[in-house]
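The model shown is predicted, which means the values in this text are computed figures rather than measured ones. Letters go in sequence order (proteins before strands), and every chain restarts at 1.
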There are 2 protein chains.
Amino acid sequence: MAMSEESGSAKTAIKMIQEAGARATAARLTVLRILLSADHALTHSDVEQAASAAGDLIERVTLYRVLEWLVDQGVAHKTLGLDRVWRFNAHHEAISNHAHFNCTDCGRVYCMESLNPVFAITLPPHFQLQQADVSLQGLCPCCTD
Amino acid sequence: MAMSEESGSAKTAIKMIQEAGARATAARLTVLRILLSADHALTHSDVEQAASAAGDLIERVTLYRVLEWLVDQGVAHKTLGLDRVWRFNAHHEAISNHAHFNCTDCGRVYCMESLNPVFAITLPPHFQLQQADVSLQGLCPCCTD
DNA sequence: AGGATTAAGCAACTCAGTTGCGTAAAGGTC
DNA sequence: GACCTTTACGCAACTGAGTTGCTTAATCCT
């Protein structure tokens with residue numbers, strides 16, 4: 001209901017889910033469309049509000065499970081904000097070792113997909129590195145005077 | 001009670017607190033000594049257990065306030081683990097832009113004080129960078145086969 | 001359309017961290 | 001050293017993100 005206009009992102013969302021070989025339920029489509037159209041990482045309640053604003057009510061637990069599922073499928077990924085809240089981001093290609101920008105004013109978290117930081121570190125003995133992420137803090141475009 | 005032996009770190013703790021121009025209470029001394037003698041970042045409950053093991057019971061809320069106070073004083077700093085739990089680390093000098101190592105096996109978080117990562121990034125327009133932290137993931141010395 | 005499989009919905013729970021307020025302790029002052 | 005003001009402690013009750021178990025409903029394959 002009330003979701004047939006934005007066919008562009010909807011098609012992408014359906015395609016992404018079906019490529020994962022899973023059921024394209026209403027909740028998954030709604031959440032994925034919302035994530036894909038956001039310019040920053042969204043919290044659980046961000047998604048919940050965006051969904052209800054669009055007329056698609058999603059149950060609390062369902063939303064948690066959908067978000068976790070999207071991450072498991074590799075369709076989305078999550079980051080911890082400084083407020084201990086997970087934020088989710090859908091991406092079109094697999095990405096790793098990228099940076100997240102935390103706005104110290106509004107709290108928004110931006111996923112810098114195209115930003116592949118190059119850094120050189122040497123770990124102490126007996127530490128085995130598997131992955132590295134960069135957390136940036138500062139002011140986002142809508143919070144800079 | 002039962003805390004007069006380890007005079008070395010205790011003296012340091014007292015000095016650090018008094019240099020901050022604040023009251024050196026029993027709870028603050030105990031917590032700071034525990035943090036200073038740890039080789040990795042400690043959660044609230046880590047500190048609570050270490051304190052009670054040493055015979056110094058610290059009230060839940062008091063501990064939260066002491067830890068927050070230490071961070072405000074610049075005597076300690078905190079990091080979010082992947083389990084959404086704050087971990088605290090006391091340090092002897094002011095440090096910034098350093099790396100944290102999250103063990104994917106035991107969950108411990110190590111603060112790489114001497115590890116000043118060099119990385120090159122270019123932010124999108126209108127983003128103002130204030131600080132950068134590096135989050136490393138892998139196996140710590142006690143979890144490597 | 002029918003039926004096995006899988007997700008949604010609901011309620012109750014966990015756990016880290018917070019808030020408000022009365023009481024006790026710390027440390028400067030007389 | 002006793003006094004008094006300031007500041008931290010202790011207790012209880014609360015918040016809010018995320019989780020678990022189980023029943024009902026929806027998906028989609030044949």
For V85(B), report the nucleic acid contact type (base, sugar-phosphate, nothing); a contact means any heavy atom under 4.0 Å. sugar-phosphate
Round to the nearest Å and state the distance from R84(B) atom CZ to dT18(C) atom C1'. 14 Å
Go through the structure and list residues passing side-chain hydrogen bond (donor to acceptor under 3.5 Å, both in side chains) with Q137(A), not counting sequence neighbours. D133(B)
Those residues at least two apart in sequence (or on a different chain) that pass salt bridge (charged side-chain N to carboxylate O under 4.0 Å, His left out) with D83(B) are R87(B)
V61(B) vs D83(B), nearer the 5' end of DNA chain C by closest nucleotide: D83(B)
What nitrogen or oxygen pairs link the protein and nucleotides 3-7 of chain C at under 3.5 Å?
unit_1: dT5(C); atom_1: O2; unit_2: R23(A); atom_2: NH1; d: 3.3
unit_1: dT5(C); atom_1: O2; unit_2: R23(A); atom_2: NH2; d: 2.6
unit_1: dT6(C); atom_1: O4'; unit_2: R23(A); atom_2: NH1; d: 3.3
unit_1: dT6(C); atom_1: O4'; unit_2: R23(A); atom_2: NH2; d: 3.2
unit_1: dT6(C); atom_1: O2; unit_2: R23(A); atom_2: NH1; d: 3.3
unit_1: dA7(C); atom_1: OP1; unit_2: R28(A); atom_2: NH2; d: 3.0
unit_1: dA7(C); atom_1: O5'; unit_2: R28(A); atom_2: NH2; d: 3.0

Would H40(B) and C140(B) satisfy side chain to side chain contact (heavy atoms under 4.5 Å, CB included), going step by step from the backbone distance to the final call? CA-CA 10 Å; H40(B) 62 279; C140(B) 76; over 6 Å; no
Which pairs, with at least one residue in residues 41-50 of chain B and sequence neighbours excluded, count as a side chain to side chain donor-acceptor pair (under 3.5 Å)? T43(B)-S45(B), T43(B)-D46(B)
Quantified as the angle between the terminal helix axes (five pairs each), what is the overall bend of the helix from dA1(C)-dT30(D) to dC30(C)-dG1(D) to 10 degrees? 30°
Restricting to pairs with a member in residues 58-67 of chain B, which pass salt bridge (Lys or Arg N to Asp or Glu O under 4.0 Å), not counting sequence neighbours? none
Check whether T62(B) reaches the backbone of I58(B) with its side chain - one donor and one acceptor, N or O, closer than 3.5 Å. no
In whole angstrom, give the distance that lies between atom OH of Y64(B) and atom P of dG20(C). 18 Å
May I have the step-by-step check of side chain to side chain contact (heavy atoms under 4.5 Å, CB included) for V75(A) and R28(A), ending in yes or no? CA-CA 11 Å; V75(A) 175; R28(A) 287 174 179 174; over 6 Å; no
Partners passing side-chain hydrogen bond (donor to acceptor under 3.5 Å, both in side chains) against T104(B) (at least two apart in sequence or in another chain): Q130(A)
Can you sort out the partners of T144(B) under side-chain hydrogen bond (donor to acceptor under 3.5 Å, both in side chains), two or more places apart, ordered by chain and number? none
Check against side chain to side chain contact (heavy atoms under 4.5 Å, CB included), C111(A) and T79(A): CA-CA 9 Å; C111(A) 179; T79(A) 339; over 6 Å; no
Of all of residues 40-48 of chain A, which get a heavy atom below 4.0 angstrom from DNA chain D, listed by number? H44(A)
Residues in ring-ring contact (aromatic ring centres under 6.0 Å, His included) with F127(A), at least two apart? F101(B), Y110(B)
Examine V71(A) and W86(A) and state if one hydrophobic cluster contains both, with Ile, Leu, Val, Met, Phe, Trp and Tyr joined whenever side-chain heavy atoms are less than 4.5 Å apart. yes
Between which nucleotides of DNA chain D, 5' to 3', does chain B make heavy-atom contacts below 4.0 Å? dT6(D) to dG18(D)
What residues, two or more places apart in sequence or in another chain, satisfy side-chain hydrogen bond (donor to acceptor under 3.5 Å, both in side chains) together with Q128(B)? none
